[in-house]
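Contents: one structure, followed by commentary.
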Amino acid sequence: MAQVKMTVNGKAASGEVEGRTLLSSFLRDSLFLTGTHVGCDTSQCGACVVHVDGVAVKSCTMLAAEAEGAEVSTIEGQAAPDGTLNTIQQAFQDHHGLQCGFCTPGMVMTTAALLKDNPKPSEQEIREHLEGNICRCTGYHNIIKAILAASGQDVSALAAE
Amino acid sequence: MYNFEFEKPDTIADAVAALGGEEAQALGGGQTLIPTMKQRLASPATLVSLTGISEMQGICTGDDGSLCIGGATTHGAVAAGAGVYPALADLASHIGDPAVRNRGTIGGSLANNDPSACYPAAALASGAVIKTNTREIAADDYFQGMFDTALNEGEIITEVRFPVPEAANYQKFVQPASRFALVGVFVAKYADGVRVAITGASEGGVFRWTEAEAALSANFAVSALDGLSLPGDGMIGDLHGSGDYRAHLCAVMTKRAVNAAG
């Protein structure tokens with residue numbers, strides 16, 4: 001066991017980890033930040049996406065020890081301290097961008113990374129960026145709508161399906 | 001996955017020393033190795049992370065105009081920073097998905113030499129030089145078969161140097177579930193000839209299609225490929241496609257790559 005220290009959602013966090021402890025396991029089991037979901041545990045589904053030093057990664061396919069000293073952001077850090085949803089989360093709610101909600105933490109974190117680099121993505125760019133995020137309710141259409149809305153773009157052109 | 005000791009050295013020298021230990025293995029971005037270890041197909045006693053070595057990070061242009069990429073540079077960084085070689089940047093921008101590209105590294109991909117990975121096609125078609133902690137290996141000598149390379153035990157890819165071609169293009173027929181190449185063809189035109197490397201197709205891993213190279217070196221046009229084909233024997237056959245299907249795709253994707261390269 002080794003000590004690992006990182007900053008998670010702006011707060012110092014530390015704990016004992018084994019070499020094999022995944023970042024997703026550390027966040028969920030040691031820090032009790034269970035908003036980061038583990039869907040497939042094989043880096044296919046993207047439910048576990050968090051940001052490490054500003055970029056989106058699949059936390060089930062990164063060792064906790066690799067995040068030593070890193071700035072980590074999870075879904076728990078997205079809303080304001082009083083619980084007010086951020087723009088992306090609110091857009092997901094407004095446009096019914098979630099059904100069961102299991103994939104949503106990863107979708108929101110992936111969206112946050114996209115909009116940071118590309119504030120006004122096209123529908124095609126959004127779809128390509130979500131390649132590694134799977135929604136088994138298959139609610140993709142409203143997720144695209146929510147992301148267009150979160151980026152301040154008109155969603156009426158996106159036909160209802 | 002089975003437990004292991006984790007080490008994260010700051011320098012190549014320390015990494016080489018750590019890899020000298022019993023059953024030690026290098027860890028790049030882990031996008032292949034960690035899933036492999038979860039399936040218990042690999043169980044090293046020590047993992048030596050190469051992601052903390054600053055001298056293995058980044059992209060620069062060498063004195064001879066070649067593009068030099070540090071072995072621990074992520075696909076995302078290559079996609080964003082290899083603008084002098086647009087076909088290579090484009091290839092990097094379509095590996096896996098965005099989150100995978102933020103972890104996976106060029107050195108990791110080339111060291112693993114997955115028969116369906118994208119980077120081996122770029123390295124072989126470009127006649128790249130694989131620089132390690134001990135030597136420089138020409139791409140033609142480096143790839144030795146499926147998951148097999150010229151690397152010795154404990155040898156680390158520190159840099160990859162790509163001569164920048166006059167024109168190039170990579171066409172990937174995506175296997176949509178894995179996002180690996182069902183067949184991927186990289187065509188690169190240099191002053192001294194055209195090179196064509198194909199990934200995803202052969203049971204021997206990435207290979208050069210020399211017949212197409214000769215035809216394209218004489219005439220860099222889609223029509224130069226008319227009548228050329230590869231045999232289905234020795235091609236990968238699985239539930240996604242037979243050997244004959246992959247052989248057919250090789251010719252189709254080569255034509256598309258030449259067309260796109262202009």
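Lettering follows sequence order; numbering is per chain, from 1.
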Step through the shown structure and confirm whether more than 12 heavy atoms of other residues, nucleotides or ligands are within 6.0 Å of CZ on Phe147(B). yes
Structural part of Asn133(A) lying under 4.5 Å from a heavy atom of chain B: neither
For the residue pair Glu68(A) and Lys8(B), establish whether any side-chain heavy-atom pair is separated by less than 4.5 Å. no
Measuring from Glu18(A):CD to Glu5(B):CD, what's the distance to the nearest 0.5 Å? 10.0 Å
Go through Met109(A), Glu66(A), Glu128(A) and name the one with the most non-hydrogen pairs under 4.5 angstrom from chain B. Glu66(A)
Crowding at NZ, Lys11(A) (>12 non-hydrogen neighbours, <6.0 Å): no
When you measure from the side chain of Arg103(B) to the backbone N and O of Thr61(A), does any donor-acceptor pair fall under 3.5 Å? no
Any side-chain donor paired with an acceptor under 3.5 Å for Gln31(B) and Ser43(A)? no
Exercise: identify the closest heavy-atom pair between Phe4(B) and Gly19(A): CZ-O, 3.2 Å
Asp97(B) and side chain to side chain donor-acceptor pair (under 3.5 Å): which single residue from Lys58(A), Gln44(A), His129(A) fits? Lys58(A)
Pick whichever of Val49(A), Leu114(A), Leu63(A), Val52(A) has the most heavy-atom pairs under 4.5 Å with chain B. Leu63(A)
Please list, chain by chain and in numerical order, all residues satisfying side chain to side chain contact (heavy atoms under 4.5 Å, CB included) with Ala168(B), sequence neighbours excluded. Tyr85(B), Ala87(B), Pro165(B), Phe186(B), Ala188(B)
Of the listed residues (Leu33(B), Thr51(B), Leu47(B)), which shares the most heavy-atom pairs with chain A below a 4.5 Å separation? Thr51(B)
Test item: Asn102(B) side-chain N/O and Ala56(A) main-chain N/O as donor-acceptor pair under 3.5 Å: yes
State whether the number of non-hydrogen atoms from other residues, nucleotides or ligands found under 6.0 Å of Glu153(B) atom CD is greater than 12. no
If you tally heavy-atom pairs under 4.5 Å against chain A, which of Pro35(B), Pro98(B), Gly52(B), Ala177(B) wins? Pro98(B)
Contacting region of Leu22(A) [heavy-atom separation from chain B under 4.5 Å]: side chain
